[in-house]
Number of protein chains: 2
Amino acid sequence: MTDAVDPPKARRPNTRLEEVARAAGVSKSTVSRVINGEPYVSSRAREAVHQAIGKLGYSPNQAARTLAGSRANCIAMVVSEQGSRVLNDPFFAGVLRGVHAELAGKRVQLVLMMSKEGDEQDLVNYLCGGHVDGVLVISLHGQDPLPRTLADAGLPTVVCGRPLGAGGVPYVDSDNFNGAMEAARYLVARGHKRIGTIAGPRDMAVGMDRLSGWKRGLSQARVDTGLVAYGDFTPESGAAAMADLLQQAPDLDAVFVGADIMALGALQTLHAHGKRVPDDVAVVGFDDLMIASTAVPPLTTIRQDVEQLGRTMTWRLMAELAGEENLPPFLLLPTAMVTRSSA
Amino acid sequence: MTDAVDPPKARRPNTRLEEVARAAGVSKSTVSRVINGEPYVSSRAREAVHQAIGKLGYSPNQAARTLAGSRANCIAMVVSEQGSRVLNDPFFAGVLRGVHAELAGKRVQLVLMMSKEGDEQDLVNYLCGGHVDGVLVISLHGQDPLPRTLADAGLPTVVCGRPLGAGGVPYVDSDNFNGAMEAARYLVARGHKRIGTIAGPRDMAVGMDRLSGWKRGLSQARVDTGLVAYGDFTPESGAAAMADLLQQAPDLDAVFVGADIMALGALQTLHAHGKRVPDDVAVVGFDDLMIASTAVPPLTTIRQDVEQLGRTMTWRLMAELAGEENLPPFLLLPTAMVTRSSA
DNA sequence: CCAAAACCTGGGAGCGCTCCCAGAACGTTC
DNA sequence: GAACGTTCTGGGAGCGCTCCCAGGTTTTGG
């Protein structure tokens, strides 16, 4: 479809608020009120302004708005560089999509920043310098001081995933504990007796929460929780951890892997050892990435809604910016079990 | 320093240019010159200014710079919404990482926008409204008029992937043609006789270029190029296309899949039909996503460097913004064959 | 019927920076 | 020493908007 977006307007002569005012036969102030949806504007004036805006293709100059007003109309999404490597990419893209979906219609821009080694001070200066109204932090290695610093500086901040070192900073996370517990219970209910787990790094809350949930699920059923190996959210580490587990307990008959991406590696190791999945060893993952359904065999896993994670973070931040009070200090999103063939 | 009670959520006591000037004992103008690296500043003054900046933790107000100056110090990355669904996420994240890497150290912000259905005019108004100095477009469905519109409006624009409907707009792409040709030649060299392909959608250059390259590779070796099925860059479509191919030619002994993500689906179908890979049917993918190495069996594929794609786009845009002339109208990045077990 | 309250409107002072211009301080050359 | 660069410096006029204030017009209430 060749949907014609309007004729290109010359770039230099930018229509200004004043021209809209003249065209609509009102004052600058009134135009400003209309644009900002303020009350106390007659419907006649409002109508005239809207028409003028449409005709002139007016788009307010953000820089001027920011400078004159007290808001930047802009929020930042900060991703730690380690994060961008460690974190599996689909996660990031999903969150981003959610953030954008939630921002739709709001006149708020999203600027993206990645913290770099040694750059932290610049980043903090920038963020606290009034260029943004709030920050969404996607921080992964647990003890990142950034959220704390920003929050202490009075900048509204929401973190993605429970921060280990920033108590008191609002965060949004999937309910990793209960999700993992459900996985454990499922395996127990299916009659598995010797159940191991491949957990994420000890310095990430997501890894620890899933480990805790798994332990709780097993111990409630009086199943041994000693069979633990660790990975770092890469397929390779998953493969190595699986080998480790197999050595610890050759009679292992099920494994809960704290991330699909590691489960892929685990599947390879299992295959290499001649173990059939799920007949010899059942496998349950976590995340429900696209690849979970195309794994061989398709992976039973705990789904987390990453897009919803992004949406919720944004909602929480925008609510705070709107001055809402008594907002929840954290939000946990439910997970859901997705049963395929691997367990 | 008056240590009065700092009222919460009071206006940010932002250090301004003027304060730096006072602290350094020079004028605003001189501080501005130092910040912008202009000549005609004595080293004594420059030194004093740098010290003052460091001591006060000064960070220039971008809004004011934009408003006063002619540049926005900001570039936009526009992703079409369809794109965010169609395009596999790792691709997007990789490009983004490259963009950021290339921007490091430059005082340029990156704002992210997604075009939404019906939103096009707003988007164009915003982008052409002087809020950004240039645009990186990640557009997927071929005939997107956006790049053309932006370029016609005089806004420096670089597109990711050869645009079908925007001749003349600078773009950066992987060398899909030669990559696919290499895959075809490889299969021929390995003695395969009956070679099919699963191509991407006909309205995307990436799909067509890979198809063309494959055809060229086969026809040079006088192998039949009639065995073609189409998918849409999802695993499901890959699985369906593979089934189609198998029906067309039960004696097929190799297939080039125009995207790893579709290859995953193809692998499933092959498995379901009892075909061994690579013994019965060899499979070569394209992209070399992380999942290629964890597929069963690990996928032989053509690697494209998505991060480099992002870097190159950004470099091209920044060069244009810097006023460089006679820049190449397009840039093709080389691909590389990665041999694993599937072929 | 008049005062108070609720609505609507326009004027104008900045927000913090860049950039132009005028001029000072220093050579250099005839 | 006059006449010119060349290097450096400060002053000040905006950039396009928001927000405060003062003043008009209507509605409400006693």
Side-chain angles (χ1 to χ4, degrees), chain A residues 11-49 52-53 56-74 107 109 125-126 128-131 133, chain B residues 10-49 52-53 56-74 107 109 125-126 128-133:
Chain A
R11 201 155 97 72
R12 293 299 171 203
N14 230 340
T15 42
R16 298 187 308 281
L17 185 78
E18 195 165 1
E19 297 171 35
V20 175
R22 211 171 326 124
V26 298
S27 73
K28 281 167 46 183
S29 303
T30 299
V31 177
S32 178
R33 285 186 196 101
V34 172
I35 289 172
N36 296 295
E38 284 171 28
Y40 295 155
V41 178
S42 66
S43 50
R44 213 165 53 87
R46 173 167 281 119
E47 189 52 37
V49 169
I53 288 178
L56 299 174
Y58 170 73
S59 167
N61 182 315
Q62 290 300 333
R65 302 186 82 185
T66 302
L67 186 57
S70 35
R71 296 175 304 290
N73 302 304
C74 179
R107 287 193 163 263
Q109 291 311 314
N125 278 348
Y126 180 84
C128 295
H131 305 121
D133 299 323
Chain B
R11 134 183 312 199
R12 288 195 184 67
N14 232 337
T15 42
R16 298 186 307 283
L17 185 76
E18 195 166 1
E19 297 171 36
V20 175
R22 211 174 323 125
V26 298
S27 73
K28 281 167 44 181
S29 303
T30 298
V31 177
S32 179
R33 285 187 196 100
V34 172
I35 289 172
N36 295 296
E38 284 171 27
Y40 296 153
V41 179
S42 66
S43 50
R44 213 165 55 87
R46 174 167 280 118
E47 188 53 37
V49 170
I53 289 178
L56 299 174
Y58 170 73
S59 166
N61 182 315
Q62 291 300 331
R65 303 186 80 183
T66 302
L67 186 58
S70 34
R71 296 172 305 290
N73 302 304
C74 178
R107 286 190 163 268
Q109 290 312 312
N125 279 348
Y126 180 85
C128 295
H131 304 120
V132 300
D133 299 323

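Note that these values count all heavy atoms, side chains included, but never hydrogens, waters or copies made by symmetry.
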Residue closer to the 5' end of DNA chain C, A/Ala68 versus B/Glu38 (nearest nucleotide): A/Ala68
A/Gln62 CD to D/dC17 C1', straight-line distance once rounded to whole Å: 10 Å
side-chain contact (heavy atoms from CB on, under 4.5 Å) between A/Gln109 and A/Asn73, intermediate numbers included: CA-CA 6 Å; A/Gln109 291 311 314; A/Asn73 302 304; over 6 Å; no
Note, B/Arg65 side chain near B/Asn36 side chain (heavy atom, < 4.5 Å): yes
Minimum-distance pair of heavy atoms, taken over all atoms of B/Arg46 and B/Val34: CA-CG2, 4.0 Å
Between C1' of D/dC17 and CG of A/Leu17, the distance in whole Å: 7 Å
Any donor-acceptor pair under 3.5 Å from A/Ser32 side chain to A/Lys28 backbone: no
Integer-rounded Å distance: C/dA6 P and A/Tyr40 OH: 7 Å
Closest to the B/Val41 side chain, choosing from C/dC19, C/dG16, D/dT9: D/dT9
Student check: side-chain heavy atoms of A/Ile35 and A/Ile53 closer than 4.5 Å: yes
Salt-bridge present (B/Arg16, B/Glu19; N to O < 4.0 Å): yes
Between C1' of D/dT9 and CZ of B/Arg22, the distance in whole Å: 18 Å
Of the listed nucleotides C/dT18, D/dT18, D/dC19, the one nearest the side chain of A/Arg71: D/dC19
For atom CG of A/Asn61 and atom P of C/dG16, their distance in whole Å: 16 Å
Sugar-phosphate, base or nothing in reach of B/Pro60, heavy atoms under 4.0 Å: sugar-phosphate
Touch class at under 4.0 angstrom, heavy-atom based, for B/Ala63 against every strand present: nothing
Short side-chain N/O contact to D/dC17 OP1/OP2 from A/Tyr58, under 4.0 Å: yes
Interatomic distance, B/Glu47 CD vs D/dC8 C1' [rounded to whole Å]: 17 Å
Separation of atom CZ in B/Arg16 from atom C1' in C/dC17, rounded to whole Å: 11 Å
DNA chain C contacts made by residues 23-33 of chain B, counting heavy atoms under 4.0 Å: B/Lys28, B/Ser29, B/Ser32
Sidechain-backbone polar pair: B/His131 side chain, B/Cys74 backbone, donor-acceptor under 3.5 Å: no
Length of the CG-C1' vector between B/Leu67 and D/dC17, whole Å: 8 Å
Any B/Asn36 side-chain N or O less than 4.0 Å from OP1/OP2 of C/dT18: yes
